[in-house]
Amino acid sequence: MRYHSTNQPSLQVSLKEAILRSLPADNGLYMPNEIKPLGDDFWDEWRDLSLEEMGFRVASAFFGEDVPEEELRSIVNGTLGFDVPLIQLAPADFLLELFHGPTLAFKDFGARFMARLMAYLTREDQRELTVLVATSGDTGGAVASAFHHVPHTRVVILFPKGKVSPLQEKQLTALGGNITALEIDGTFDDCQRMVKSAFLDRALSEQLNLTSANSINLARLVPQSFYYFHSSRILPVGVEPVFVVPSGNFGNLTAGLLATKLGLRVKKFIAATNRNDVVPQYLATGQYQPRPSVATISNAMDVGAPSNFARMLALFGDDAKAMSAMMSGYAFDDDQTRAAIREVQSLYQYQIDPHAAVAWLAAKKWRAANPGNATIVLGTAHPAKFLEVMESELGRNCVDIPERLSCLANQPSHAIPMSSQELPFHEWLKQFSC
Ligand SMILES: *Cc1c(COP(=O)(O)O)cnc(C)c1O
């Protein structure tokens with residue numbers, strides 16, 4: 001299959017280039033040239049397939065021409081391998097727990113698939129690959145865990161000093177080996193700027209064989225569409241779910257749109273955001289106005305210029321009306337989010353993390369205006385990752401911390417402190433590659 005840039009359909013590349021380059025030179029986003037709906041052979045049996053088999057069929061629709069069946073099966077099986085339970089809070093109110101992977105966030109799906117697909121695509125290259133990633137929290141941990149011990153691959157993670165939670169920081173800094181964490185004296189935006197500057201330095205990028213693990217990478221999106229199929233089929237036959245997606249860069253929601261292109265029946269997508277509400281505003285007014293992000297307690301959604309927006313628009317043929325017909329947006333502030341955490345606990349004895357809490361509020365609002373619809377909230381992170389917020393709403397020691405996370409607390413960690421200037425960072429990278 002060939003891939004093209006959203007900015008320039010004539011700019012065509014192979015799968016390997018689309019994945020390893022991540023971003024086209026014209027600053028667009030890569031899209032597959034065609035997305036064929038799955039055939040009757042899939043729909044006749046999709047409700048009975050194992051999660052692994054279903055994931056394989058979905059992944060084949062995108063990568064089947066380029067990756068041999070056995071390899072693709074092994075990539076999918078290696079990605080999955082943890083539970084994805086659908087919890088019923090109330091008759092029409094469902095929550096899909098996507099946080100049972102190694103780093104307790106849904107980003108494990110994308111990162112684990114990408115690590116395996118990249119290893120396959122570079123299997124005959126004689127060169128070491130350097131994965132560069134900026135993180136505001138969850139992405140770095142998922143990428144570090146997914147690439148740990150992958151041969152011929154090093155990972156360099158930039159995180160803003162003092163701005164990720166202590167447990168998130170441990171996930172970045174405790175692994176060691178081929179994972180190197182840089183503690184940047186600056187903001188997440190600084191980290192992103194530094195990463196971008198390294199890619200723009202052609203000589204450096206070439207010398208290090210740089211690749212990116214950010215959420216615009218198609219290898220991260222495709223595995224995120226698996227769970228839209230998986231959860232839909234758990235509902236009774238004939239019920240079309242409304243998916244409520246806590247969103248930041250909109251990779252997760254875009255993966256849901258890809259699932260509908262393969263033929264999955266979805267009633268509606270709800271874009272749920274915190275005060276960084278650029279997309280809900282767009283859906284309401286037709287005006288797209290990206291702006292600097294503001295900090296909230298659902299910090300993985302603090303995005304002022306969602307990087308997948310152009311791809312979502314492309315999936316609707318650049319038709320704003322078509323997008324608004326399929327998507328609605330709701331935004332909530334921190335006080336409302338905190339109240340929702342308490343309300344879900346008192347109604348259902350369920351601990352909902354701040355990101356899913358935003359989506360739960362959106363689901364409630366949607367159902368009030370559209371009675372009779374079943375909503376599925378995507379539960380994107382385990383509440384233990386946001387202990388401070390949870391404890392301040394529900395009381396001390398209220399959250400059980402899974403062992404995967406608690407055992408990290410005592411491990412030695414290592415991060416290299418660095419200023420937010422670009423040149424010293426480039427110098428460091430050059431040394432690092434020797
Ligand atoms: C990354 C993240 C999100 C936002 O996902 P996008 O694909 O960027 O929209 C939501 N919740 C959590 C917990 C996350 O880590």
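Numbering of ligands and ligand atoms starts at 1, following listing order.
Aromatic ring pairs are classed by plane angle as parallel below 30°, tilted from 30° to 60° and perpendicular above 60°; the pair F226 and F113 is perpendicular. Ring pair W428/F425 is parallel by interplanar angle, where below 30° counts as parallel and above 60° as perpendicular.
A salt bridge links E343 to K364: at least one charged side-chain nitrogen sits closer than 4.0 Å to a carboxylate oxygen. D277 has a carboxylate O that lies under 4.0 Å from a charged side-chain N of R291, or vice versa, which qualifies the two as a salt bridge. With respect to the salt-bridge test (charged N to carboxylate O, under 4.0 angstrom), the residues R73 and E53 qualify.
Residue S247 places no N or O, backbone or side chain, under 3.5 Å from any N or O of ligand 1. Checking only distances, A105 never comes within under 3.5 Å of ligand 1, N or O to N or O.
Under the 3.5 Å distance criterion, with hydrogens and angles disregarded, a donor-acceptor pair is assigned to the side chains of T375 and R367. Of the N and O atoms on the side chains of D93 and Q88, not one donor lies less than 3.5 Å from an acceptor on the other residue.
T380 OG1, 2.8 Å is the protein heavy atom nearest to atom 11 (N) of ligand 1. Counting only heavy atoms of the protein, atom 7 (O) of ligand 1 lies nearest to N252 N, 2.9 Å. Protein heavy atom at the shortest distance from atom 2 (C) of ligand 1 is K107 NZ, 2.4 Å. G248 N, 3.6 Å is the protein heavy atom nearest to atom 4 (C) of ligand 1. Scanning the protein heavy atoms around atom 5 (O) of ligand 1, the nearest turns out to be F106 CZ, 3.5 Å.
Checked against a 6.0 Å centroid threshold, the rings of F99 and H382 count as neighbours.
Heavy-atom proximity to A381, at under 4.0 Å, picks out these atoms of ligand 1: 13 (C). The ligand atoms of ligand 1 that sit less than 4.0 angstrom from a heavy atom of P246 are 4 (C), 10 (C). Below 4.0 Å from some heavy atom of N249 lie the following atoms of ligand 1, by number and element: 6 (P), 8 (O), 9 (O). Every atom of ligand 1 with a heavy atom of G251 under 4.0 Å away is listed here by number and element: 6 (P), 7 (O), 9 (O).
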